[in-house]
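Here is the structure we will look at, set down as structure tokens.
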Amino acid sequence: MLGGETVEGVESLEHSDPRLRHAVEALLFAATEPLTTDRMARVLEIDETTVYQALVDLRTDYHDGRGVHILPVAGGYQMVTHPDFAPFVGKLLAAPPTRLSRAALETLSIVAYRQPITIPEIEAVRGVSSDGVVRTLVERGLIHEAGQKETPGRPNLFVTTEEFLVYFGLKELTDLPSLETRTDAPE
């Protein structure tokens with residue numbers, strides 16, 4: 001509620017409260033996934049337009065020489081490391097890399113560009129069995145089942161997830177590179 005009432009001991013924010021930008025900043029900092037303006041508005045108990053304006057102001061503040069940026073990702077917004085400082089953060093975290101194998105990247109790209117797609121259709125493109133790779137991509141949350149195809153045997157259809165967008169830093173699927181034939185490729 002607005003107007004100074006409290007929610008779990010925390011004073012609510014007025015529309016004109018200068019702390020609003022700080023509250024949006026705190027939500028983005030604490031979030032482990034992109035946040036929509038709608039979700040932030042519900043948490044802050046104010047209207048979405050006000051949250052959006054605070055977000056625009058905050059993004060402007062973060063634009064000038066900061067170590068982090070606020071970017072639109074997967075239909076929401078996320079606080080991310082400025083690319084110039086990513087190597088330092090990488091050293092700090094120094095976790096063993098969770099890279100995708102060549103087979104996983106190949107399968108994931110087939111799903112991304114041809115979704116929804118079945119395992120037999122993936123295998124027809126790849127030319128090899130893909131059950132294990134698809135299972136790994138599902139376990140990592142990069143693809144998921146999205147129903148069944150209306151054909152004999154009713155095979156499961158697979159599509160990419162929001163986690164896929166986050167993993168590759170995409171705002172939406174239309175940001176995927178074009179599949180046009182390269183002119184510099186050997187013939």
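Nothing here was measured: the structure is a model prediction, and the numbers come from that model.
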Give the intermediate values and the outcome of side chain to side chain contact (heavy atoms under 4.5 Å, CB included) for residues Met40 and Leu55.
CA-CA 10 Å; Met40 287 186 272; Leu55 184 61; 4.2 Å; yes

Are Tyr113 and Leu100 connected into the same hydrophobic cluster when the rule is that any two of I, L, V, M, F, W, Y join if their side-chain heavy atoms are below 4.5 Å apart?
yes

Between atom CG of Leu173 and atom OG1 of Thr160, what is the distance when rounded to the nearest 0.5 Å?
4.5 Å

Quick one: do Tyr52 and Val73 end up in the same hydrophobic cluster if we chain Ile, Leu, Val, Met, Phe, Trp and Tyr together by side-chain heavy atoms under 4.5 Å apart?
no

Among Leu28, Asp61, Val80, whose side-chain contact (heavy atoms from CB on, under 4.5 Å) with Ile70 holds?
Leu28

Quick one: do the Thr174 and Glu172 side chains pair a donor with an acceptor below 3.5 Å?
yes

Residue pair Phe85 / Thr81: nearest heavy atoms and the distance that separates them:
C-CG2, 3.9 Å

Under 3.5 Å: donor-acceptor pair, side chain of Thr107, backbone of Ala104
no

Check for me, please, whether Met79 and Val43 land in the same ILVMFWY cluster - side-chain distances under 4.5 Å, paths through other members count.
yes

Spatial distance of atom OG1 (Thr161) from atom CG (Leu142) [nearest 0.5 Å]:
5.5 Å

Are Arg66 and Tyr62 in a cation-pi contact, defined as NZ or CZ under 6.0 Å from the six-membered ring centre and within 45° of the axis?
yes

Same apolar cluster: Val89 and Val166, side chain cutoff 4.5 Å
no

To the nearest 0.5 Å, how far apart are CD in Glu123 and CD1 in Ile110?
10.0 Å

Is it true that Glu48 and Thr37 share a donor-acceptor pair across their side chains at a distance under 3.5 Å?
yes

Carboxylate-amine/guanidinium proximity below 4.0 Å for Arg154 and Glu150
yes

Given Leu165 and Asp175, is the side chain to side chain contact (heavy atoms under 4.5 Å, CB included) satisfied, shown in steps?
CA-CA 9 Å; Leu165 296 173; Asp175 293 337; over 6 Å; no

Please report the closest heavy-atom contact between Ala103 and Arg126, naming both atoms and the distance.
CB-NH2, 3.4 Å

Report whether Leu105 and Ile117 are members of the same hydrophobic cluster (ILVMFWY, side-chain heavy atoms less than 4.5 Å apart, transitive linking).
yes

Please report the C-alpha distance between Leu35 and Gln78 in whole Å, then the side-chain angles of each, then the deciding distance to 0.1 Å, and finally whether the side chain to side chain contact (heavy atoms under 4.5 Å, CB included) criterion is met.
CA-CA 7 Å; Leu35 291 177; Gln78 189 167 32; over 6 Å; no

Are there more than 12 heavy atoms of other residues, nucleotides or ligands under 6.0 Å from atom CZ of Arg21?
yes

Look at the side chain of Gln115 and the backbone N and O of Ala112, then say whether any donor-acceptor pair between them is shorter than 3.5 Å.
yes

Minimum heavy-atom distance Val51-Ala41, with the two atoms named
CG2-CA, 3.6 Å

Scanning both residues in full, the closest heavy-atom pair of Thr36 with Gly75 reads CG2-O, 3.5 Å

Closest approach of Glu163 to Gly141 (non-hydrogen atoms, all atoms of both residues):
CB-O, 3.2 Å

May I ask you to decide if Val133's main-chain N or O and Ser130's side chain share a donor-acceptor pair within less than 3.5 Å?
no

Look up atom OG in Ser101 and atom CG in Leu137, then write down how far apart they are to the nearest 0.5 Å.
7.5 Å

Atom pair CG (Leu157) and NE2 (His144), whose distance is rounded to the nearest 0.5 Å:
11.0 Å

With no hydrogens and no angle check, just 3.5 Å: does a side-chain donor-acceptor pair link Glu121 and Thr118?
yes

Side-chain heavy atoms of Tyr77 within contact of Pro34, under 4.5 Å:
no

I would like to know whether Phe158 and Ile119 meet side chain to side chain contact (heavy atoms under 4.5 Å, CB included); could you show each step before the answer?
CA-CA 8 Å; Phe158 291 91; Ile119 290 176; 3.7 Å; yes

Consider only side-chain N and O atoms of Asp57 and Thr60, and report whether a donor and an acceptor are under 3.5 Å apart.
no

Should the pair Arg135-Asp131 be classified as a salt bridge under the 4.0 Å nitrogen-to-oxygen rule?
no

From Phe164 atom CZ to Leu108 atom CG, the distance as rounded to the nearest 0.5 Å:
5.0 Å

Which pair of heavy atoms, one from Ala74 and one from Glu162, lies closest together, and at what distance?
O-OE1, 3.6 Å

I'd like to know if the side chain of His69 and the backbone of Leu71 have a donor-acceptor N/O pair within less than 3.5 Å.
no

